[in-house]
**Q** 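Below is the structure I would like to discuss, written out as structure tokens.
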2 protein chains.
Amino acid sequence: MNEATSVLGKPRVQAEEVQALQDTIYVIGGKWRLPIINSICNGNKRFREIERSIPGITTRMLSKELREMELNKLVKRTVHPGPPVLVEYESTPYCKTFGSIILEMIRWGKEHRDKLREE
Amino acid sequence: MNEATSVLGKPRVQAEEVQALQDTIYVIGGKWRLPIINSICNGNKRFREIERSIPGITTRMLSKELREMELNKLVKRTVHPGPPVLVEYESTPYCKTFGSIILEMIRWGKEHRDKLREE
DNA sequence: CCGTATCCACGCTGATACTG
DNA sequence: CAGTATCAGCGTGGATACGG
């Protein structure tokens, strides 16, 4: 894969990378975070709209994730007083930093569609 | 906001991508799969070696993951009869297809190191 | 050294129902 | 439409002990 499998100083670098990898996994932890980010980045704004765009998610999980994501500045929540009351979720610049990860994962998923059917 | 958020043909494409994304998340599900793949792709072969290279993992979790990963052709397990008995884990071509995802996640983790400290 | 087995606690998840 | 409440189950994780 790379130029050197056993060069001095490598373990140190590896440790850093492992840490970075585990940090990232922690942040996007769970099954729903990335699909939600993807949905919002694709322009979905309303709660039910987001919900419908993600197969399998339940109201409770979406609600929980959205709440936590708002706290972490991953989404912006705006309430337009009604009636009828209207709530909008928007992606933040921080949210968009996940773009390349999501893209890579979509690419992987498409490429391995057939393999997955077998499992 | 009105109805016209969806562009021609977009929903269909989105649905495919959401599915691909969720497939990928399913395959790499959990906190340990990717770090283990990364460790083995980095040349770690022995059980304890892999274990030590992943902060926080327990013997039980590593054992469980490795067993399942062998079934899914993600790793190749070889026993060199001893004594002492020697077991080696090696990455498969399939395993290596996760490379770009892992790289992207490491990159993300490094870039957001500071932000993470705050949380 | 290389794991497997068991017990136990806890949090995440899902299903369902209900409110404003 | 936009959520919250409640209950139950299971997977994950830690501790510990044991076997090859």
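Computed over heavy atoms, backbone and side chain alike; hydrogens, waters and symmetry mates excluded.
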**Q** Looking at every non-hydrogen atom in both residues, tell me the closest pair between B/Leu74 and B/Cys95 and how far apart they are.
**A** O-CB, 3.0 Å
**Q** If the cut-off is 4.0 Å, is A/Ser63 near the phosphate of D/dG3, judged by side-chain N/O to OP1 or OP2?
**A**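 So the side-chain polar atoms of A/Ser63 never come under 4.0 Å of the phosphate oxygens OP1 or OP2 of D/dG3.
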**Q** Test of understanding: clusters of I, L, V, M, F, W, Y form through side-chain heavy atoms closer than 4.5 Å, transitively. Do B/Met105 and B/Ile102 belong to the same one?
**A** yes
**Q** Should the ring pair B/Tyr94 and A/His112 be called parallel, tilted or perpendicular, given that the plane angle runs from 0 to 90° and is split at 30 and 60?
**A**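 Tilted.
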**Q** At under 4.0 Å, does any side-chain N or O of A/Arg77 touch on OP1 or OP2 of D/dG3?
**A** yes
**Q** What is the separation between atom CZ on B/Arg67 and atom P on C/dA5, rounded to the nearest whole Å?
**A** 7 Å
**Q** Between D/dG14, D/dC1, C/dT13, which nucleotide gets closest to the side-chain atoms of A/Arg46?
**A** D/dC1
**Q** Atom CD of A/Glu65 to atom C1' of C/dG11: distance rounded to whole Å?
**A**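 Those two atoms, CD and C1', are 14 Å apart.
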**Q** Could you state the atom-to-atom distance from CD of B/Glu51 to C1' of C/dC2 in whole Å?
**A**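 Nearest whole value for this atom pair: 10 Å.
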**Q** To the nearest Å, how far apart are A/Arg48 CZ and D/dT4 C1'?
**A** 11 Å
**Q** Once you apply a heavy-atom cut-off of 4.0 Å, does A/Lys64 come out as touching a base, just sugar-phosphate, or nothing?
**A** base
**Q** Regarding A/Thr59, tell me which of base, sugar-phosphate or nothing describes its non-hydrogen contacts under 4.0 Å with the strands shown.
**A**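 The residue A/Thr59 makes base contact.
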**Q** Which atom pair, heavy atoms only, marks the closest approach of B/Val18 to A/Ser53?
**A** CG1-O, 3.7 Å
**Q** Would you say a side-chain N or O of B/Trp32 is under 4.0 Å from OP1 or OP2 of D/dG11?
**A** no
**Q** Choose from C/dG14, C/dC2, D/dC1 the nucleotide whose nearest atom is closest to any side-chain atom of A/Arg52.
**A**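 Looking only at side-chain atoms, A/Arg52 lies closest to D/dC1.
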**Q** Atom CE of B/Met61 and atom P of D/dG14: how far apart are they, to the nearest Å?
**A**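 Taking atom P of D/dG14 as the reference, CE of B/Met61 is at 8 Å.
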**Q** How would you label the contact of A/Gly30 with the nucleic acid (heavy atoms, under 4.0 Å): base, sugar-phosphate, or nothing?
**A**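 Sugar-phosphate only.
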**Q** In whole angstrom, what separates B/Ile50's CD1 from C/dC2's P?
**A** 10 Å
**Q** Rounded to whole angstroms, how far apart are OH on A/Tyr89 and P on D/dC1?
**A** 14 Å
**Q** Measure CD/A/Glu68 against C1'/C/dC12 and give the value in whole Å, please.
**A**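 Roughly 12 Å, once rounded to whole Å.
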**Q** Consider only side-chain heavy atoms of I, L, V, M, F, W and Y, link residues closer than 4.5 Å, and tell whether B/Leu103 and B/Ile25 are in one cluster.
**A** no
**Q** Need to verify one output field. Residue with the more 5' nearest nucleotide on DNA chain C, B/Phe47 or A/Gly56?
**A**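 Nearest nucleotide further toward 5': that of B/Phe47.
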